[in-house]
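Scroll down for the structure; my scribbles are underneath it.
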Amino acid sequence: MSSKNPFNFKTGGGILKKLVIAAVVLAIIVMVIKAPGESAGVATDALDGGSDVIDSLITFFRSIRNG
């Protein structure tokens with residue numbers, strides 16, 4: 001019996017995609033090992049920036065809805 005993917009998602013990845021992911025993961029590990037305090041600051045800033053973007057999008061869509 002073979003199982004079929006009902007959503008037609010491509011489950012494989014190319015070698016380039018795997019290399020890019022490995023490079024990003026390695027860079028994050030090196031950054032955390034060399035400068036853990038600064039890494040925590042970068043992560044906090046990224047989360048704050050992400051929440052700012054979400055807040056801006058919510059405000060935008062509410063202003064469209066309200067005319």
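One distance of note links CG of Asp45 with CG of Asp52; it measures 10.5 Å at 0.5 Å rounding. Note that the CG atom of Asp55 and the CG atom of Asp48 stand 10.5 Å from one another [nearest 0.5 Å].
Residues passing the side-chain contact (heavy atoms from CB on, under 4.5 Å) test with Val25 are Ile21, Ile29, sequence neighbours excluded. Among residues two or more places apart in sequence or in another chain, the side-chain contact (heavy atoms from CB on, under 4.5 Å) test is passed with Ile64 by Phe60, Phe61.
Placement of Ile28 and Leu47 in two distinct hydrophobic clusters is found when ILVMFWY residues are connected by side-chain heavy-atom separations under 4.5 Å, directly or transitively.
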